[in-house]
Amino acid sequence: MDALKKLSVSPHIHSGRSTTRIMLDVLIALLPATVAGVLIFGWRSLLPIAVSVVCCVVFEAIFNLITKKGQTVGDLSAAVTGLLIALNVPANIPLWQCVIGSLFAIIIVKCLFGGLGNNLVNPAVTARVFMLVAFETMTASAFPVDSVASATPLAAETMPSLLTMFLGNHGGAIGETCTAALLLGAIYLLARRVITWHIPAAFIGTVFVFALFMEGFDATSALSFVMAGSLVIGAVFMATDYVTSPSSAWGKIIFGLGAGLLTCLIRYFSIYPEGVSFAILFMNILTPYIDRWTKHKVFATGGKKA
Amino acid sequence: MAFHLRGVHTPHRKNTIKQPTVQMSAPQSVVIPMVMHIGKSAAPTVKVGDLVKVGTKIGEADGKISSNIHSSVSGKVVKLEEYLQPTGEATTAVVIESDGEMTVDPAVCPPTVNSKDELISAIRESGIVGLGGAGFPTHVKLDVDPARIEYLIINGAECEPYVTSDTVTMLTRADDMAYALRQLNKFMGIGNVIIGIENNKKEAIAAMREMAASITECTVNVKSLPSVYPQGGEKVLIYHTTGRKVPAGTLPIDVGCIVLNCTTLAEIGAYLKTGMPLTQKCVTVDGGAVKNPQNVIAPVGTSIADIFNFCGGLVEEPEKIIYGGPMMGVTVPDAKYPVLKNTNAVLALTHKEAKLPKTTACIRCGSCTNTCPFGLAPASIALAYEKKDAEELKALFVDSCMECGCCSFVCPANRPLVQTNKLAKQLLAQEQKKEANK
């Protein structure tokens, strides 16, 4: 035994959790919604998905090469952003729009702010807002499968039945319509402890209660309202992004409440049929403050909050 | 008592408790440093050539916060060498070549104790320090006005993975522990004792309950606690057994509590009974690189290499050798280092066991703050440290950090949060000193 042994500061064991594993779990959780999207909107759904994922990964890889900061695409966060962008666009979206959206999400929102962990706002959400404002075709959708365009439930006169809403057999973005598939994903993420219940419950709960009031206490209408648009996919997969949401339980609840309120205000009182993305973006910006207001009380410091 | 503090579920890996504990014979030589405790180094009282026996004093405590050092073998002092501790501080070590006899010094005899002061003096003589690993001189801890002591809490939690030496104490030295409790009750009036033990040690809990029932002089409660790391952390244990909170910068006695590790208590009992100072330790030897993991009773100063040989040798070259457990233990540069008074385990981790994930960017997941028992925010502390913002570090209560390692353990990016906290504390101390000198 001649060689000196490795010295390092404790702890010397690790739980085994990793960022890559968490991202992989998110990808797995999004699989049901991806499959549902292909079933509902046809094989052409795979094109935006492929383009977005590849573009996000490639753009991040190129940025890392140019800045010589070491390759980070292995942590799968770019792939997750790509998939989320794709699931939030209609199946017949011009593919060049996916390229621009991916560029915006990865280069501008994420890399230029300092890479994973340093972005102020959610790359996928912000890309969606950007695409919504820049390319109006976002508000329409390709349903049924062979038609060019038709209105989504939120934009239409009447809502489809609850079952239709739950199974997602109506117009909308590729991954946002099938509530059943999204719930499967939510259960997986909760079981794997990737997300906690606080943000989805507060977000969706607030929208449900607001809708209940607005729809004259008609629970069916309120439920349809909740399942419409990108609320479920937004509340479960995008609002829960660690980097851009508060860390503490109360912080998450405040985040969810705020996002839910904003979503409803936009949906009911503005020209936009959908408000989820704007709401999440707004709450992302507020998150540093929410974190500051909701820090854990430190043990035995006489009740003083820092 | 309020809810349970946060923590983590570390792997238990307590397989050594299934093996018998074995007494090691005298090694060829021992290296005994003059500081194996918190406080000033002892001053050597022997020189090269002196003949010593087991229990002979070889170092005199220097000042109030210091501890006596005794020889753990019989033989001859061959060297007084400079000894570099793994923490980087230097001290003197006495090297003794053993004659193999382990002859006990005839001066070793039970101390005369008729009062609290004599009890404290006796414990001071014995060289007993906190055997949970910290090594704080026990006579200093106990030298308080007895009226202030409402609870004596005995720490049998042993929450670190691998380590089982305290469990051995609770299973085999209940007599010594009971004797100590009776003496502490007699001379210091300590009437309320709580023994906190993690619930993964059912036999130890039973043994302690049996001991508690036999003590009529004072109330002894055995509390079974959830096996959540860091259950054995002093302030955590106090909170879970009494509901009292110890703020940073204060001591447990300020809330009426004294915490003693169960092995420390047993040593006190043994010393008061026999007069034999702290000269040997029960050490858990474990880790994938060790052929026969087990608990070994070894003389203080035995080299780690000798201990490994006694356990059947090493099956492969370890990547890390650790004093203590893997959550808070200190790494050792090589196996020439000795077993110290406050060593309760030696681990030889294989390359596979020692492998840690790559460190990547913080993703603000909040796992660190959501597992910190004290509710600190290590990710925020790291940011404040990077900016060298001492004001912010103070506002984040970085001095409350007990460096338990929960944060780094759960961090998906494997960020060196404990290391950053240590550095942050240093920075804050430096800045506060500068302010004071202005």
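The figures that follow rest on heavy atoms only: side chains count, while hydrogens, waters and symmetry mates do not. Note that the structure is a prediction, hence the values are computed from the model and not measured. First the proteins, then the strands, lettered A, B, ... as listed; each starts at 1.
With a 4.5 angstrom heavy-atom cutoff, B/Leu5 touches chain A only via side-chain atoms. Looking at B/Pro161, only its side chain comes within 4.5 Å of chain A, counting heavy atoms on both sides. Using a 4.5 Å cut-off between heavy atoms, B/Leu356 contacts chain A through its side chain alone, with no backbone atom that close. Both the backbone and the side chain of A/Leu7 come within contact range of chain B, each with at least one heavy atom under 4.5 Å from a heavy atom of that chain. Within the 4.5 angstrom heavy-atom criterion, only side-chain atoms of B/Thr360, from C-beta onward, approach chain A. Contact of B/Cys365 with chain A is made through backbone and side chain together, with heavy-atom distances under 4.5 Å.
Within 6.0 Å of CZ on A/Phe130 lie more than 12 heavy atoms contributed by other residues, nucleotides or ligands. Around atom NZ of B/Lys425, more than 12 heavy atoms belonging to other residues, nucleotides or ligands sit under 6.0 Å away. More than 12 heavy atoms of other residues, nucleotides or ligands shown are found within 6.0 angstrom of CD on A/Gln71. Sparse packing is recorded around CZ of A/Phe282, with 12 or fewer heavy atoms of other residues, nucleotides or ligands lying under 6.0 Å away.
Here CG of A/Leu4 is found 7.5 Å from NZ of B/Lys336. Values are rounded to the nearest 0.5 Å. To the nearest 0.5 Å, atom OG of residue A/Ser15 and atom NE2 of residue B/His9 are 13.0 Å apart. To the nearest 0.5 Å, the span separating NZ on A/Lys6 from NZ on B/Lys355 amounts to 9.5 Å. Of the inter-residue distances, the one linking B/Leu349 atom CG with A/His12 atom NE2 reads 8.0 Å to the nearest 0.5 angstrom.
Of all the heavy atoms in B/Glu319 and A/Lys5, the pair that sits closest is O-CB, 3.7 Å. When all heavy atoms of A/His296 and B/Thr369 are compared, the closest pair comes out as CD2-OG1, 3.1 Å. The two residues A/Tyr242 and B/Ile363 make their nearest non-hydrogen contact at CB-O, 3.3 Å. Nearest heavy atoms, A/Ile13 versus B/Phe409: O-CD1, 3.5 Å. Between A/His14 and B/Val410, the closest heavy-atom pair is NE2-C, 4.4 Å.
Under the side chain to side chain contact (heavy atoms under 4.5 Å, CB included) test applied with B/Pro412, the options A/Thr19, A/Asp75, A/Thr20 reduce to a single match, A/Thr19.
Listed by sequence position, A/Leu116, A/Gly117 are the residues of residues 116-123 of chain A in contact with chain B, using a 4.5 angstrom heavy-atom cutoff.
Residues satisfying the side-chain hydrogen bond (donor to acceptor under 3.5 Å, both in side chains) criterion with B/Lys291, sequence neighbours excluded, are absent altogether. Not a single ring-ring contact (aromatic ring centres under 6.0 Å, His included) links B/Tyr323 to another residue, sequence neighbours left out.
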Using atom types as modelled, flag every donor-acceptor pair under 3.5 Å from a side chain in residues 371-386 of chain B to any protein atom, sequence neighbours excluded.
{"residue": "B/Thr371", "atom": "OG1", "partner": "B/Ser367", "partner atom": "O", "Å": "2.9"}
{"residue": "B/Thr371", "atom": "OG1", "partner": "B/Cys368", "partner atom": "O", "Å": "3.2"}

Item to check | Worked verdict on A/Lys295 versus B/Leu396 for side chain to side chain contact (heavy atoms under 4.5 Å, CB included) | outcome: CA-CA 10 Å; A/Lys295 279 192 214 172; B/Leu396 288 166; 4.0 Å; yes
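Using a 4.5 Å cut-off on side-chain heavy atoms (C-beta onward), B/Lys320 and A/Ser8 make contact. Put simply, the side chain of B/Val418 reaches to within 4.5 Å of the side chain of A/Pro11, judged on heavy atoms.
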